[in-house]
Amino acid sequence: MTTSTAPPVATLPGIDWVEIPGGDYIYQDGKSRTLPTFYMARHPITNVRYQAFIDAGGYDDERWWQGIERTKPEESRWPQATRPCTSVNWYEAVAFSRWLSDQLGYTVRLPTEEEWERAARGRDGRAFPWGDDYTTGYANINETWDNAGECKREQTTIVGAYPQGASSEGVLDLAGNVWEWCLNKHEHPEEIEPDSSGDARVLRGGSWYGNPDAVRSAVRNWNDPGERVDNAGFRLVSSGPMADAVGG
């Protein structure tokens, strides 16, 4: 793989940022918590955006891999440009976020569990992004497992293909399609700093493979940070200067 000059920001596929207003919200089993305002990407990171990192020599630049395990890229099982990037491990997601922060000029990163759940459940702690009951056709999952419906694609779909499943603020694909990496360690969720300990990291949101129960927004899943699977990807958040980026 050859190292190339990073493309200017203008050539990068744009991230559509959604404002998640700060304040109190319901977390997990009814616990009230408070978060400041932050911004979440409307969609998971797609193959075309991740390819920009690869093309810029991201795997060869030690700046993005400090303190974490560096690896080599592996193509998504479904490499279409606007499908979620899968087969990326937690370390790769962190390295990508560091690189993109440098390109954009403000910090972007993986969400914490608290941020992810606030975006998915709204302020009132709903079970799914759209409400408290599963509705057939609202997410890319395997509905046939629990006789919840007939949807069974058995693969990812393009991001944003289920607009009816949007969260209260309009974030898409928070249920189904792909599990999404969060910063937190699974057994020690208070620990969010990147390291190479190998401790399992949290996944949220369910995937194309799951049933309705598995894609409830409060469900915590995990995987080893070095593992790649074809039903997991990631999205980003930011609390940086977003005035010119929202809707971009």
Side-chain angles (χ1 to χ4, degrees), residues 1-15 17 35-36 38-41 43-76 84-116 119 178-205 220-229 232-242 245:
M1 183 181 301
T2 60
T3 302
S4 59
T5 302
V9 174
T11 68
L12 295 172
I15 289 184
W17 294 106
L35 280 174
F38 64 95
Y39 297 84
M40 175 171 272
H43 308 110
I45 293 297
T46 58
N47 288 311
V48 68
R49 175 167 279 283
Y50 197 79
Q51 187 63 44
F53 171 62
I54 297 173
D55 292 344
Y59 280 82
D60 300 321
D61 194 327
E62 294 182 0
R63 290 179 295 170
W64 321 132
W65 303 90
Q66 292 182 11
I68 59 176
E69 182 180 311
R70 181 157 47 159
T71 184
K72 295 181 180 181
E74 180 177 304
E75 187 176 63
S76 290
C85 181
T86 58
S87 298
V88 287
N89 64 34
W90 185 86
Y91 299 124
E92 290 170 299
V94 169
F96 175 88
S97 68
R98 291 170 172 177
W99 168 79
L100 189 59
S101 295
D102 184 71
Q103 301 301 302
L104 296 174
Y106 56 84
T107 299
V108 299
R109 56 173 171 77
L110 294 178
T112 64
E113 281 195 273
E114 291 85 353
E115 290 167 334
W116 193 97
V178 291
W179 287 100
E180 299 178 6
W181 288 112
C182 292
L183 284 176
N184 308 67
K185 292 184 178 181
H186 184 259
E187 296 301 318
H188 300 280
E190 72 281 3
E191 297 184 21
I192 62 173
E193 292 301 317
D195 61 35
S196 56
S197 65
D199 293 341
R201 298 281 175 163
V202 169
L203 289 163
R204 288 295 198 107
R220 302 179 75 231
N221 195 6
W222 61 273
N223 205 346
D224 294 333
E227 287 293 318
R228 297 181 175 119
V229 290
F234 67 102
R235 79 171 73 218
L236 301 176
V237 299
S238 179
S239 55
M242 306 299 298

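The structure presented is a predicted model; accordingly, all values stated were derived computationally and were not measured.
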Step-by-step side chain to side chain contact (heavy atoms under 4.5 Å, CB included) determination, V108 to I15 | CA-CA 11 Å; V108 299; I15 289 184; 5.7 Å; no

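- Nearest heavy atom pair, residue N47 against residue C85, reads OD1-CA, 3.3 Å.
- Nearest heavy-atom pair across M40 and A119 is SD-CB, 3.4 Å.
- Looking at E187 and D199, their side chains never come closer than 4.5 Å, going by heavy atoms from C-beta outward.
- Put simply, CZ on R109 and SG on C182 are 10.5 Å apart, with the number rounded to the nearest 0.5 Å.
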Start with the C-alpha distance between R63 and R98, add both sets of side-chain angles, then the distance that settles side chain to side chain contact (heavy atoms under 4.5 Å, CB included), and finish with yes or no.
-> CA-CA 8 Å; R63 290 179 295 170; R98 291 170 172 177; over 6 Å; no

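- The residue from T71, V94, I68 that alone fulfils the side-chain contact (heavy atoms from CB on, under 4.5 Å) condition with N89 is T71.
- In this structure, S238 contributes its side chain and T107 its backbone to a donor-acceptor pair below 3.5 Å.
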Go through the steps to decide whether L203 and W181 satisfy the test side chain to side chain contact (heavy atoms under 4.5 Å, CB included), and finish with yes or no.
-> CA-CA 5 Å; L203 289 163; W181 288 112; 3.5 Å; yes

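- A 4.5 Å side-chain heavy-atom check between P111 and E180 finds every atom pair outside the cut-off.
- Atom-to-atom distance recorded for H186:NE2 and N221:CG is 7.0 Å, nearest 0.5 angstrom.
- Annotation: Y59 is in aromatic contact with W65 [ring centroid separation under 6.0 Å].
- Looking at heavy atoms from C-beta onward, Y91 lies out of side-chain contact with P194 at the 4.5 angstrom threshold.
- A distance-only check finds a donor-acceptor pair linking the side chain of E115 to the backbone of T112 [under 3.5 Å].
- Here the side chains of W90 and L110 are in contact, with some heavy-atom distance below 4.5 Å.
- To the nearest 0.5 Å, atom OG1 of residue T86 and atom CD of residue E74 are 8.5 Å apart.
- For the side-chain contact (heavy atoms from CB on, under 4.5 Å) criterion with K185, the lone passing option out of E190, E193, E191 is E191.
- Heavy atoms only, all atoms of each residue included: P84 and P44 are closest at CB-CB, 4.3 Å.
- The closest side-chain heavy-atom distance from R70 to W64 is not below 4.5 Å.
- Using cut-offs of 30° and 60° on the angle between ring planes, the pair Y50 and F96 is parallel.
- The minimum heavy-atom distance between W222 and A200, with the atom names listed, is CE3-CB, 3.5 Å.
- Between E113 and N184, the shortest heavy-atom distance links the atoms N-OD1, 2.8 Å.
- Aromatic ring pairs are classed by plane angle as parallel below 30°, tilted from 30° to 60° and perpendicular above 60°; the pair W99 and F53 is tilted.
- Using a 4.0 Å cut-off between charged nitrogen and carboxylate oxygen, R201 and D195 count as a salt-bridge pair.
- The CD atom of Q66 sits 12.5 Å away from the OG atom of S196 when rounded to the nearest 0.5 Å.
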